Amino acid sequence: MEIHQLKTFVAVAREGSITNASDQLCLSQPAVSAHIKAMEETLGIPLFERTPRGMSLTPEGQRLLTKAEQTLNAHRELLEEASRIKGRLTGKLRLGAGGSTRSDALGHLLTVLSERYPEVDVELQHGTSLEILQGIRNGHLDAGFYNEAGTPGPELATLEINQFGIYLAAPPGLVTTSTPLDWQALAELPWIGPTANACCGQAAEALFKQHQIRPKRMISIDRESVTRTLIAGGVGIGLLHAETAQEAEQCGEIEIISEAQQTVQVLFAYLAGRAENPLLSAASSILRETLIE
């Protein structure tokens, strides 16, 4: 049995779909199907049930999934140890980056990695904080930058890169900035922002709970630049990161009416169990240099 077949098996098990697994592995769907079929023939047991919703692990497949993941981890550790023995860094570092990642920190990391370790390939994937966290936890990403409004999970090793606040903003003149604000009146207005999984979405949910309101209309937008444009256009009120809100207010586009959250951390994270990984150690060291500077 080949390592690439095990990788395919794990990918299909995680994604529950040959289509999604083929996208992740950069393989054609027939190739993914062929890997699964070859494994089932070699092992003599069915690994998946084909359903209208996708691929579902059989009980036998579920038992073998843990062993397959352990085998892939051992294979990866073998390659990492070989790199240490050779005394140089090689391989691929899969990084995730969210919209609030400090561009200077990310740029410095990529530049120094290229200069110091020319044999390391970096694959950069952009996404939401939730997508990046999921990627780190399920092994699709080695590390990533994400926004943390609370406390990082204990399974993560993290390094704070930056932090920012979040403000509630409105079109100029729409809201009477009385003290205290009339939150019941604000609940009558459309609210613009991301889902509850994003940092601004979490801050919004905290406001709703604190003031015991629930807006009658929510407009879900996953790009802050679009949220800013809609608020400035008078569509409704919404949450913006401090830097964006302050810039927009200076331009006369919006009016800051309340602080929603004082501190959100921008973290560089990876699984704590992989702290000895030479690529992750090198990336962390480079980022610490950036923070010291």
Side-chain angles (χ1 to χ4, degrees), residues 3 6-7 10-11 13-14 24-25 65-98 100-163 197 199 263-293:
I3 285 292
L6 285 179
K7 290 181 178 178
V10 171
R14 287 172 175 166
Q24 177 198 326
L25 297 168
L65 177 61
T66 300
K67 294 295 184 182
E69 291 174 330
Q70 292 172 348
T71 301
L72 291 177
N73 287 335
H75 177 258
R76 183 181 62 214
E77 290 171 0
L78 184 149
L79 295 178
E80 292 170 355
E81 183 63 23
S83 294
R84 283 191 285 268
I85 293 171
K86 288 189 295 184
R88 67 178 189 273
L89 284 181
T90 61
K92 177 185 289 186
L93 182 63
R94 300 163 300 169
L95 289 177
S100 299
T101 303
R102 266 179 50 184
S103 59
D104 57 338
L106 177 59
H108 181 77
L109 173 60
L110 297 179
T111 299
V112 176
L113 277 174
S114 177
E115 292 173 349
R116 294 182 187 174
Y117 312 110
E119 295 181 60
V120 173
D121 294 325
V122 178
E123 179 182 299
L124 185 63
Q125 301 178 29
H126 292 277
T128 65
S129 291
L130 178 63
E131 291 168 343
I132 290 165
L133 275 175
Q134 288 177 335
I136 293 171
R137 287 171 174 147
N138 64 28
H140 293 173
L141 292 173
D142 297 305
F145 300 85
Y146 82 100
N147 299 336
E148 178 59 73
T151 302
E155 78 282 9
L156 298 175
T158 61
L159 177 65
E160 184 179 296
I161 303 300
N162 194 16
Q163 58 178 240
N197 294 320
C199 61
T263 302
V264 176
Q265 294 175 294
V266 180
L267 300 178
F268 176 74
Y270 52 89
L271 292 178
R274 300 189 63 196
E276 299 302 318
N277 177 285
L279 291 178
L280 295 175
S281 296
S284 296
S285 296
I286 292 170
L287 287 170
R288 287 190 178 93
E289 294 171 7
T290 306
L291 297 176
I292 292 173
E293 293 174 0

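For the single chain, residues carry numbers from 1 onward in sequence order. Just so we're clear, the structure is a prediction, and the values are computed from it rather than from any experiment.
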> To the nearest 0.5 Å, how far apart are CD1 in I3 and CZ in R76?
Replying inline: 11.5 Å
>> To the closest 0.5 Å, what do you measure between CZ (R137) and CD1 (I132)?
In response: 12.0 Å
> Less than 4.5 Å apart, any side-chain heavy atom of V10 and any of L6?
Replying inline: no
> Per the side chain to side chain contact (heavy atoms under 4.5 Å, CB included) rule, which among R94, Q134, E123 passes with L141?
Replying inline: R94
>> Could you walk me through whether N73 and Q70 satisfy the side-chain contact (heavy atoms from CB on, under 4.5 Å) test, starting with their C-alpha distance in whole Å, then the side-chain angles of each, then the deciding distance to 0.1 Å, before giving a yes or no?
In response: CA-CA 5 Å; N73 287 335; Q70 292 172 348; 5.5 Å; no
> Which atom names give the shortest non-hydrogen contact between T158 and P152, and what distance separates them?
Replying inline: CG2-CB, 4.0 Å
>> I need the L113 CG to H108 NE2 distance, nearest 0.5 Å.
In response: 9.0 Å
> Where do D142 and N277 land on the side-chain contact (heavy atoms from CB on, under 4.5 Å) test, with the steps shown first?
Replying inline: CA-CA 10 Å; D142 297 305; N277 177 285; 5.9 Å; no
> If every non-hydrogen atom of A97 is compared with every non-hydrogen atom of L106, which pair is closest and at what distance?
Replying inline: CB-CD2, 4.1 Å
> Closest heavy-atom contact between L267 and E148?
Replying inline: CD1-CB, 3.7 Å
> Where do L159 and Y270 land on the side-chain contact (heavy atoms from CB on, under 4.5 Å) test, with the steps shown first?
Replying inline: CA-CA 9 Å; L159 177 65; Y270 52 89; over 6 Å; no
>> Could you check whether any side-chain N or O of S284 sits under 3.5 Å from a backbone N or O of L280, counting only pairs where one atom can act as donor and the other as acceptor?
In response: yes
> Roughly how far apart are L109 CG and I286 CD1, rounded to 0.5 Å?
Replying inline: 5.5 Å
> So how far is it from N147 CG to N162 CG, rounded to the nearest 0.5 Å?
Replying inline: 9.5 Å
> Could you walk me through whether L156 and L271 pass the side-chain contact (heavy atoms from CB on, under 4.5 Å) check?
Replying inline: CA-CA 5 Å; L156 298 175; L271 292 178; 4.2 Å; yes
> Can you name the nearest heavy-atom pair linking I136 to G144, along with the distance?
Replying inline: CD1-N, 3.6 Å
> Can you tell me how far OG1 of T111 sits from CZ of R116, rounded to the nearest 0.5 angstrom?
Replying inline: 11.0 Å
> If you look at every heavy atom in A105 and L287, which pair is closest and at what distance?
Replying inline: O-CD2, 3.8 Å
> Are any side-chain N or O atoms of R14 and backbone N or O atoms of N138, one a donor and one an acceptor, separated by less than 3.5 Å?
Replying inline: yes
> Would you say H140 and E131 make side-chain contact, with heavy atoms under 4.5 Å?
Replying inline: no
> Can you check whether L93 reaches Y117 side chain to side chain, under 4.5 Å on heavy atoms?
Replying inline: no
> Looking at G150 and Q265, what are the two nearest heavy atoms and their distance?
Replying inline: O-OE1, 4.2 Å
